[in-house]
Amino acid sequence: MKTRLFSLFLLAASLCTLEAAEPYQIRVVDNENGWPVPLVELKTVGNIRFVSDNAGVIAFDEPDLMNQEVWFDIAGHGYTVPKDGFGYRGVRLKPTPGGETTVKVERESIARRIGRLTGNGLFAESKKCGLMLDWKDSGVIGCDSVQTAIYGGRVFWAWGDTSLPGYPLGIFHTTAATTALSPKFPAEPPLQVVFDLFREEGGRPRGVAKLPGEGPTWISGTLTLKDKNGQERLCTVYNKIKPPLDAYERGLSVWNDEKKEFERTLMLWEKSSGKPSPLLPDGHPIFWKDEKTGTDWVLFGDPLPRLKCRATYEDWLNPNAWEKVESPRTLTSADGEETVRLHTGSVQWSQYRQRWVTVFVQSGGKSSYLGDLWYAEAKSPLGPWGKAVRVLSHDRYTFYNPRLHPELVAADEPYLLFEGTYTMTFENHAFPTARYDYNQILYRLELDDPKLKPAFVD
């Protein structure tokens, strides 16, 4: 008798465990095309928050809310649903263990969200539902803004301060990785990019810019140039930082292929000198051929050009060869009602638009201080630049240092890809988005969208 009762107890326990282990799968998709939509938050009346992963999946696993109607507020940084009669934006669902449903959202922003590039749990919700089980995260929790260059036939990626699972203080000397150079880079969700990270022998990601001196090493203006012998050199500007965000040394650094790290090549400024920091080739580089003179230049800016030099390693290494460039710090909005202050961003040539284009963050935007992104065009990277169109907003959340990726898109494709750093930093009272905060998110901008027409420069 005791044996039978014990067996029944084990059976009941296993059934309870089975039910608890089967979440209700919510798939969030774009109503326009059915694409999964990452970074959409569903919040219960009791303020329990769920956020869709890179596959647009949410695993709802609250046992006390199963088998009954549950209201979810919906918020999605450019994706939403219509308001009901009381002004609420959301859906009413009836979760059941092992059940599933699809929630369709409308895209309000011009740019489409493709997915998160960095961090852990890219498909965490999917895995709870038995999906994407072969996906393996990189071991990085979060990281700051990206620099990219084509080097050695691959795409070289470098990020700023990087957090790891083991402790709040992670890597402060630039993490880096490479990926294959391919025009078939994923431009539709679910986004799955496998980074070949530079790691220590034990497998832990490591810094690749451990330059002498205290504090973090940040890099900027990363690019590949050929020297007089035709050899590729991976070049960057380095900044040595003391808390909180104080640069005390700046200079030029070059990649060492044997050590697989950057080395200090030329120190150009020390704060202790008492002199102001000179203009350096930092920001994001733009390769440009002056058709009038036939000269190949590289322009540096963030977003618009402010320095140029001839596109050779020797000229990059020689401050006397650098020339200052004047660019506007504000543009006019397409409706003519707003003066848009440029913060950070990048520029590229668009073969489809036959124009130079920029995507940049507005300083002091309406949705958040650094959360609104704009698009503008020019016939020359030196300007003049036309009117700007707002393409993306983040509600009370920061999205800084956007980086266009011409190296990831075939030249004749009618869209742009850009990423930026999604973080609650600089935004008062922001609620950090689990897994997404302090990570890089990729967006796609369709260049044939009629809403970009006001930006065209004739």
Side-chain angles (χ1 to χ4, degrees), residues 38 53-55 115-128 130-182 185-186 190-219 222 224 234 236 238 241 253-264 403 405 407-408 419 421-423 432-442:
D53 65 12
N54 263 18
R116 182 158 54 99
L117 281 162
T118 61
N120 73 321
L122 294 177
F123 294 98
E125 300 295 299
S126 296
K127 288 189 174 185
K128 293 176 185 177
L131 308 171
M132 302 297 295
L133 297 180
D134 292 335
W135 174 261
K136 185 177 181 181
D137 287 322
S138 67
V140 167
I141 297 295
C143 55
D144 210 340
S145 309
V146 75
Q147 294 277 312
T148 57
I150 298 174
Y151 181 67
R154 294 177 66 81
V155 182
F156 178 89
W157 307 68
W159 299 274
D161 299 344
T162 300
S163 51
L164 302 175
Y167 193 70
L169 298 179
I171 300 171
F172 297 95
H173 297 287
T174 305
T175 51
T178 64
T179 58
L181 178 59
S182 170
F185 189 87
L191 182 62
Q192 304 173 61
V193 180
V194 179
F195 291 105
D196 186 8
L197 282 158
F198 293 94
R199 299 177 183 271
E200 297 174 351
E201 289 187 3
R204 180 181 185 271
R206 65 175 177 87
V208 298
K210 298 180 180 179
L211 274 59
E214 298 180 0
T217 306
W218 295 349
I219 68 172
T222 308
T224 298
L234 183 60
T236 196
Y238 76 86
I241 307 295
S253 182
V254 178
W255 184 258
N256 184 314
D257 282 318
E258 292 184 4
K259 297 181 179 180
K260 291 184 171 50
E261 63 184 22
F262 285 103
E263 295 181 330
R264 182 169 62 187
R403 175 68 162 109
H405 285 303
E407 73 279 2
L408 304 181
E419 65 175 286
T421 305
Y422 176 82
T423 173
T433 308
R435 295 193 177 95
Y436 281 87
D437 189 70
Y438 200 55
N439 269 301
Q440 307 304 303
I441 300 178
L442 187 71

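All heavy atoms count here, side chains included; hydrogens, waters and symmetry mates do not.
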Indicate yes or no: at least one non-hydrogen side-chain atom of Pro212 is less than 4.5 angstrom from one of Arg264.
yes
Regarding Gln147 and Thr236, do their side chains bring together a donor and an acceptor under 3.5 Å, going by distance alone?
no
Determine the minimum heavy-atom distance between Ser138 and Pro205, stating which atoms define it.
O-CG, 4.4 Å
Who pairs with Tyr436 by ring pair (Phe, Tyr, Trp, His ring centres under 6.0 Å), at least two apart in sequence or on another chain?
none
Distance-minimising heavy-atom pair for Leu191 and Phe123
O-CZ, 3.4 Å
Asp144: which residues meet the side-chain contact (heavy atoms from CB on, under 4.5 Å) condition with it, sequence neighbours left out?
Tyr400, Thr421, Tyr438
Does some side-chain heavy atom of Lys127 sit less than 4.5 Å from a side-chain heavy atom of Leu133?
yes
Other residues, nucleotides, ligands: >12 heavy atoms within 6.0 Å of Glu214 CD:
no
Would you name the heavy atoms of Leu164 and Arg204 that are closest together and state the gap between them?
CD1-NH2, 3.2 Å
So, do Val193 and Pro186 sit near enough that their side-chain heavy atoms are less than 4.5 Å apart?
yes
Heavy-atom closest pair, residues Leu234 and Ala149:
CD1-CB, 4.0 Å
Which donor-acceptor pairs under 3.5 Å do side chains of residues 155-162 form with protein atoms, sequence neighbours excluded?
| residue | atom | partner | partner atom | Å |
| --- | --- | --- | --- | --- |
| Trp157 | NE1 | Thr179 | OG1 | 2.9 |
| Asp161 | OD1 | Trp218 | NE1 | 3.0 |
| Thr162 | OG1 | Gly160 | O | 2.8 |
| Thr162 | OG1 | Thr175 | OG1 | 2.8 |

Any side-chain heavy-atom pair from Glu261 and Ser253 closer than 4.5 angstrom?
no
